[in-house]
Trainee: 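Before I ask anything, let me first share the structure, which is written out below as structure tokens.
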Amino acid sequence: EVHLVESRGGLVQAGGSLRLSCAASGFTFGDYGIGWFRQVPGKEREGVSCISTSVGKTYYADSVKGRFTLSSDNAKNTVYLQMNSLKPEDTAVYYCTADPTCNWFTSGSFYDMNYWGKGTLVAVSS
């Protein structure tokens, strides 16, 4: 059974930093694209980032490029999303997601992933 467990988010001031982690189990970690999407209640999902260690690529949304860094520790089956220079518009529930590839991200199909976690709230105050 697949499990994706996100770390607790939190409330930070604009310009601050926060690191989220996602611990995965139930599948071969290195064979999957692991990433994050976010959603504000009442709005569409937005892909944030995806890492595919099998092809050695990491993808970022333009809105977070240069501020967020996604990394992977295959030994721990965990990915980390380091979020710097946070903005109020980054406020959302962040979900960890897993799919055999990062195609869901590159194609903008943010509802096509196989697995996702319960989500964690990140709130950025101005």
Side-chain angles (χ1 to χ4, degrees):
E1 185 177 358
V2 173
H3 289 284
L4 297 168
V5 181
E6 300 102 340
S7 60
R8 180 173 293 187
L11 172 64
V12 297
Q13 288 189 327
S17 297
L18 192 65
R19 188 178 81 157
L20 302 179
S21 64
C22 172
S25 62
F27 59 95
T28 304
F29 187 79
D31 290 345
Y32 270 63
I34 313 293
W36 296 83
F37 67 90
R38 63 189 183 187
Q39 190 167 23
V40 176
K43 294 191 176 181
E44 295 293 317
R45 289 179 180 178
E46 178 187 10
V48 175
S49 184
C50 186
I51 186 168
S52 175
T53 55
S54 63
V55 298
K57 286 192 173 183
T58 307
Y59 306 92
Y60 296 97
D62 288 343
S63 59
V64 306
K65 203 170 292 183
R67 301 187 297 120
F68 290 14
T69 302
L70 182 62
S71 61
S72 173
D73 186 337
N74 285 15
K76 295 183 178 180
N77 285 4
T78 300
V79 295
Y80 303 94
L81 183 67
Q82 178 66 45
M83 304 183 292
N84 298 330
S85 302
L86 282 161
K87 304 176 181 180
E89 50 263 44
D90 293 318
T91 296
V93 178
Y94 284 70
Y95 297 86
C96 179
T97 183
D99 198 75
T101 70
C102 284
N103 287 350
W104 64 271
F105 184 88
T106 58
S107 66
S109 301
F110 304 137
Y111 292 85
D112 290 347
M113 303 80 78
N114 280 349
Y115 309 107
W116 55 90
K118 294 183 178 180
T120 187
L121 175 63
V122 173
V124 184
S125 63
S126 57

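The basis for the numbers below is simple: all heavy atoms, side chains too, and nothing from hydrogens, waters or symmetry mates.
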Trainee: List the steps and the verdict of salt bridge (Lys or Arg N to Asp or Glu O under 4.0 Å) for K65 and D62.
Mentor: CA-CA 5 Å; K65 203 170 292 183; D62 288 343; 3.2 Å; yes
Trainee: Given Y95, which partner from the list F37, W116, F110 fulfils the ring-ring contact (aromatic ring centres under 6.0 Å, His included) test?
Mentor: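 Of all the options given, the one that passes is F37.
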Trainee: Any donor-acceptor pair under 3.5 Å linking the side chain of T97 with the backbone of W36?
Mentor: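 Pair absent, no side-chain N/O of T97 close to backbone of W36.
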Trainee: Looking only at atom types and distance, does a side-chain atom of S54 sit under 3.5 Å from a main-chain N or O of D31, one as donor and one as acceptor?
Mentor: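 No, the answer is negative, given that no donor and acceptor are paired below the 3.5 Å cut-off.
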Trainee: Supply the atom-to-atom distance L81 CG to T120 OG1, rounded to the nearest 0.5 angstrom.
Mentor: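 It comes to 11.0 Å.
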Trainee: Within the side chain of S85, is there an N or O that forms a donor-acceptor pair under 3.5 Å with the backbone of G15?
Mentor: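 No, because the side chain of S85 does not come within donor-acceptor range (under 3.5 Å) of the backbone of G15.
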Trainee: Kindly give the cluster partners of V40, where membership spreads through any ILVMFWY side chain lying under 4.5 Å from a current member.
Mentor: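 Answer for V40: none, a lone residue.
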Trainee: Between Y59 and N103, is there a donor-acceptor pair closer than 3.5 Å when you use the side chain of the first and the backbone of the second?
Mentor: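 Answer holds: no.
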Trainee: Which residue pairs pass the ring pair (Phe, Tyr, Trp, His ring centres under 6.0 Å) test when at least one of the two sits in residues 10-33, sequence neighbours left out?
Mentor: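 Every pair satisfying ring pair (Phe, Tyr, Trp, His ring centres under 6.0 Å) with a residue in residues 10-33: F27-Y32.
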Trainee: Answer yes or no: is there a donor N or O on one side and an acceptor on the other, between the side chain of N84 and the main chain of S17, under 3.5 Å?
Mentor: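 No, because the side chain of N84 does not come within donor-acceptor range (under 3.5 Å) of the backbone of S17.
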Trainee: List, by chain and then residue number, the residues other than Y80 in its hydrophobic cluster (Ile/Leu/Val/Met/Phe/Trp/Tyr, side-chain heavy atoms under 4.5 Å); write none if there are no others.
Mentor: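 Other cluster members: none.
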Trainee: So, R38 side chain and A92 main chain: donor-acceptor pair closer than 3.5 Å or not?
Mentor: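 It does not hold such a pair.
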